[in-house]
Amino acid sequence: MRRTPYRSVISRARWAVLMVFFTNGAGFATWAPRIPTVQADLGLDAGTLGLALGGGGLGGLIFTLFSGMMVDRFGSHRVLPVAVAGFGVCLVGGVLCAVTLWLCRGLLPREPSAPGTATAPGLARPTTGLLLLGLLVLAAAFIEDVPLSWSAVYLTELGTGPGQAGLAFVAFSVCMAAGRFAGDRLVDRFGPVRVLVCGALLTAAAFGLSLLFSSPIAAIIGFALVGLGASPIFPVAFSLVVRLSEAATGAGIAVVSLISRAGFLIAPLAVGALADTAGFRPALSVVCVAGVVVALAALRVRRELARAGEVS
């Protein structure tokens, strides 16, 4: 029986993972620019729109409660195709979903546990390190939700038409992608904590300045710099789970992911309520506050890494 070369197996798995994330991004990219149109068609104010947008966070929060347990028990190569199928039917259409599911055949199977090894619990015990990482991703959820849920609405408020309202989300996404492509090299050279702190402070300062000007161009530039500054937060936070958690990797990631999902639930509700009472610019300033929170939490993570004997 002919065996598949190891390099080919890894390549197929890598393409499968890339396609899963591409499908995820494509789904959100088709939805974000249409939010102002949906809001206008349904006659929703900002508070009600925030309540509706919180439905996505609620679904993610519920599923995250079980995801760590399912990945540890069945393996990501079985869990991911099911998630892709559900997401694809809702947002991205049949062709892209079918291609992604076909590539998911290349996902690596879960390594079998040693005899007598107990199954890991669905959620790890929340240690100080995990809670700090949870605070990081909670704040990051606010930073990332605003461009997704509110950038097109904000540009519409500034007078842009439907064709231009999506440009802020495009700018955010392009800069976030560029930042994540460069993220590994930056982390290797400067360390995760420096990258987190600098990115978070860039996010807070750049977006704060953009809010001082009621200009679509300033808003687009601000969202672009938010994408660049926030790009390393989620990858770095999840990569640190292994270094700061004593539990199984899946269970530790589930805790951090659960907290981030709570952020994606709370963020649209909070921004919508603030926009109704104080206006969009004060409401969107939560991005600046969240950036400062990430920077402070990252400095505390450095102490936890030092205590664990890790290099930060």
Checklist entry - Is there side-chain contact between L155 and I220, with at least one heavy-atom pair below 4.5 Å? => result yes

Kindly indicate, with the supporting measurements, whether the criterion side-chain contact (heavy atoms from CB on, under 4.5 Å) is fulfilled by W150 and D145.
CA-CA 8 Å; W150 300 103; D145 181 77; 4.0 Å; yes

Interatomic distance, CZ@F172 vs CD1@I143, rounded to 0.5 Å, equals 9.0 Å

Exercise for the section: Look at the side-chain heavy atoms of Ile, Leu, Val, Met, Phe, Trp and Tyr, link any pair under 4.5 Å apart, and say whether I233 and V146 land in one connected group. Expected result: yes

Would you confirm whether the ring centroid of F207 sits within less than 6.0 angstrom of the ring centroid of F223? yes

Taking C-beta and beyond as the side chain, do R194 and R189 meet within less than 4.5 Å on heavy atoms?
no

Within the 4.5 Å heavy-atom criterion, are S260 and F234 side-chain neighbours or not?
yes

| query | Given the rule that I, L, V, M, F, W and Y join up when any side-chain heavy atoms are under 4.5 Å apart, are L202 and V294 in one cluster? | reply | no

Heavy atoms of A32 and A152 approach each other most closely as O-CB, 3.7 Å

In terms of heavy-atom contacts, A298 and V193 come closest through O-CG1, 3.6 Å

Heavy-atom nearest pair, G179 first then S231, reads CA-OG, 3.4 Å

Separation between CG (L132) and CZ (R302), nearest 0.5 Å, reads 13.5 Å

**Asked** Just wondering, do R180 and P235 contact through their side chains at under 4.5 Å, heavy atoms?
**Response** yes

In this structure, CG of L240 is separated from CG of L196 (nearest 0.5 Å) by 7.0 Å

Honestly curious: do V236 and L186 fall in one hydrophobic cluster under the side-chain, below-4.5 Å linking rule? yes

Only one of D45, L49, T156, T48 passes side-chain contact (heavy atoms from CB on, under 4.5 Å) with Q39, and that residue is L49

Worksheet item: If you group Ile, Leu, Val, Met, Phe, Trp and Tyr by side-chain heavy-atom gaps below 4.5 Å, do M176 and V170 land in one group?
Response: no

Open item on the list: Can you confirm whether L209 sits close enough to L225 that some side-chain heavy atom of one is under 4.5 Å from a side-chain heavy atom of the other?
Closed with: no

Heavy-atom nearest pair, A204 first then G291, reads CB-CA, 4.3 Å

In this structure, CG of L258 is separated from CG of L138 (nearest 0.5 Å) by 10.5 Å

Below 4.5 Å, heavy atoms only, C-beta onward: do L211 and Y154 meet side chain to side chain? yes

| task | Side-chain contact test, heavy atoms from C-beta onward, threshold under 4.5 Å: evaluate it for F238 versus L133 and give yes or no. | result | no

Nearest heavy-atom approach of A295 to A200 is N-CB, 3.8 Å

Between the CG atom in L42 and the OG1 atom in T37, the distance rounded to the nearest 0.5 Å is 10.5 Å

- Got a donor-acceptor contact below 3.5 angstrom from the T277 side chain to the L274 backbone? yes

N/O donor-acceptor pair under 3.5 Å between D276 side chain and G47 backbone: yes

Check: Would F280 and I221 show up in the same hydrophobic cluster when neighbours are defined by side-chain heavy atoms closer than 4.5 Å?
Finding: no

CD of E304 to CG of L130, rounded to nearest 0.5 Å, is 10.0 Å

Heavy atoms of S210 and A218 approach each other most closely as CB-O, 3.3 Å

